[in-house]
Asker: 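Structure provided below as structure tokens; questions to follow.
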Amino acid sequence: MTTRIMIVYDSENEHTERLARSIAEGARLEHTEVLLKHVNEADVNELVNVDAIIWGCPGHFGTISSGLKSWIDKLGYLWAQGKLVDKIGAVFCTTATVHGGLESTLLNLITPMLHQGMIVVGLPANITENALYGSYYGVGITCPVETDPNGPPNLPTGDDLALGRSLGKRVAEIARRYRSAERE
């Protein structure tokens, strides 16, 4: 059976969506089926049929965006039934300023996964891009606020997207290993 990952994201100005797409690319490197969905399109009930869940959003003042938080708040029934226990989970976020709350947003994103009984995966220091400027809690990147409203957006850099691919690949590898161990 193919490993399945669902990536759910909230994105307002394309920054977080691009990061989500890079995470999906990394997961697909491991021959994984990826369901990539904006929160407005994602059904929480689909989570029951995947091996891993990765969710992310723009950080708003050091915490989860209202769009993703509203979606996460719909997980009560799944929690009551224990449907997400032992699923692999990971998180990502974007902020507009340096020291704009990346790590606190990542930790806020992890908390509901722990309440669900999920196994949270981060990025270790042996991933080159992460050791240089990443976070062990997941992928958090800064896309500075645009100073010219008519200019091009400050989208994620190549290094930012490399971190995303690394997270997707790592989650897919661990989900596959965990699933194989369950069958033994």
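Remember, predicted model here, so these are calculated numbers, not experimental data. Just so you know, these numbers use all the heavy atoms, side chains as well, and skip hydrogens, waters and symmetry mates.
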Asker: How many angstroms lie between atom CG of Leu19 and atom OG1 of Thr94, to the nearest 0.5 angstrom?
Answerer: 7.0 Å
Asker: Work out which heavy atom in Ser11 is nearest to a heavy atom in Glu17; give both atom names and the distance.
Answerer: OG-N, 3.0 Å
Asker: Taking side chain as C-beta onward, heavy atoms only, is Tyr178 less than 4.5 Å from Asp86?
Answerer: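 A side-chain contact exists here, since the closest heavy-atom pair is under 4.5 Å.
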Asker: Identify whether Phe92 and Ile141 are in the same connected component of the hydrophobic contact network (ILVMFWY, side-chain heavy atoms under 4.5 Å).
Answerer: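 Hydrophobic grouping puts Phe92 with Ile141.
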Asker: Please round to the nearest 0.5 Å and tell me the distance separating atom NE2 of His15 and atom SG of Cys93.
Answerer: 13.0 Å
Asker: Tell me, do Asp10 and Trp55 make a side-chain contact under 4.5 Å, heavy atoms counted?
Answerer: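 Result no, sub-4.5 Å side-chain heavy-atom pair not found.
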Asker: So, Asp51 side chain and Arg4 main chain: donor-acceptor pair closer than 3.5 Å or not?
Answerer: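 Yes, Asp51 side chain to Arg4 backbone: donor-acceptor pair under 3.5 Å.
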Asker: Without swapping roles, check the side chain of Ser180 against the backbone of Arg176 for a donor-acceptor pair under 3.5 Å.
Answerer: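 Checked: pair present.
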Asker: Between Ala27 and Ala172, which heavy-atom pair has the shortest distance, and what is it?
Answerer: O-CB, 3.8 Å
Asker: Passes side-chain contact (heavy atoms from CB on, under 4.5 Å), Lys69 versus His60? Steps please.
Answerer: CA-CA 11 Å; Lys69 179 67 169 85; His60 288 182; over 6 Å; no
Asker: Does this structure show an ion pair linking Glu25 with Arg21, if we count only N-O contacts that are shorter than 4.0 Å?
Answerer: no
Asker: Where is the tightest heavy-atom contact between Ile88 and Met118, given as atom of each residue plus distance?
Answerer: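 Shortest heavy-atom contact: O-CE, 3.7 Å.
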Asker: Applying salt bridge (charged side-chain N to carboxylate O under 4.0 Å, His left out), which residue pairs with at least one partner in residues 39-50 are found, sequence neighbours left out?
Answerer: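 Only Lys37-Glu46 qualify under salt bridge (charged side-chain N to carboxylate O under 4.0 Å, His left out).
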Asker: Could you grab the distance from atom CH2 of Trp71 to atom SG of Cys57, nearest 0.5 Å is fine?
Answerer: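 Answer rounded to 0.5 Å: 11.5 Å.
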Asker: For Lys87, enumerate each residue passing the side chain to side chain donor-acceptor pair (under 3.5 Å) test, keeping only those at least two apart in sequence or located in another chain.
Answerer: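 Not a single residue meets the side chain to side chain donor-acceptor pair (under 3.5 Å) criterion with Lys87.
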Asker: Compare every heavy atom of Ile174 with every heavy atom of Val121, then report the nearest pair and how far apart it is.
Answerer: CG1-CD1, 3.7 Å
Asker: Grouping I, L, V, M, F, W and Y whenever their side-chain heavy atoms are under 4.5 Å apart, do Val44 and Tyr9 come out in a common cluster?
Answerer: no
Asker: Can you confirm whether Leu102 sits close enough to Ser135 that some side-chain heavy atom of one is under 4.5 Å from a side-chain heavy atom of the other?
Answerer: no
Asker: Please confirm whether the backbone N or O of Gly100 pairs with a side-chain atom of Thr95, one donor and one acceptor, at under 3.5 Å?
Answerer: no
Asker: To the nearest 0.5 Å, tell me how far Ile54 CD1 sits from Ile5 CD1.
Answerer: 5.0 Å
Asker: Is there a continuous path of hydrophobic side-chain contacts, each under 4.5 Å between heavy atoms, that joins Leu107 to Tyr136?
Answerer: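 Hydrophobic grouping puts Leu107 apart from Tyr136.
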Asker: Hey, could you give me the CZ/CD distance between Arg28 and Glu33, rounded to the nearest 0.5 Å?
Answerer: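 Those atoms lie 9.5 Å apart.
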Asker: Which pair of heavy atoms, one from Gly62 and one from Thr105, lies closest together, and at what distance?
Answerer: C-OG1, 3.2 Å
Asker: Take Thr3 and Thr32 through the side-chain hydrogen bond (donor to acceptor under 3.5 Å, both in side chains) test and state the conclusion after the steps.
Answerer: CA-CA 5 Å; Thr3 303; Thr32 300; 5.1 Å; no
Asker: Check whether Val8 and Val48 end up in the same hydrophobic cluster, where Ile, Leu, Val, Met, Phe, Trp and Tyr are linked by side-chain heavy atoms less than 4.5 Å apart.
Answerer: yes
Asker: Please report the shortest heavy-atom distance between Leu36 and Ala24, naming the atom on each side.
Answerer: CD2-CB, 4.4 Å
Asker: Please step through side-chain contact (heavy atoms from CB on, under 4.5 Å) for the pair Leu78 and Asn45, ending with a clear verdict.
Answerer: CA-CA 8 Å; Leu78 297 177; Asn45 295 305; 4.2 Å; yes
Asker: Is Leu75 close to Leu47 at the side-chain level, that is, under 4.5 Å between some pair of heavy atoms?
Answerer: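 A side-chain contact exists here, since the closest heavy-atom pair is under 4.5 Å.
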Asker: Starting at CD of Gln116, measure out to CD1 of Ile72 and round the result to the nearest 0.5 Å.
Answerer: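 If we round to the nearest 0.5 Å, Gln116:CD and Ile72:CD1 are 9.5 Å apart.
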Asker: Distance only, no hydrogens: is a donor on one side chain within 3.5 Å (strictly under) of an acceptor on the other, for Asp160 and Thr157?
Answerer: yes
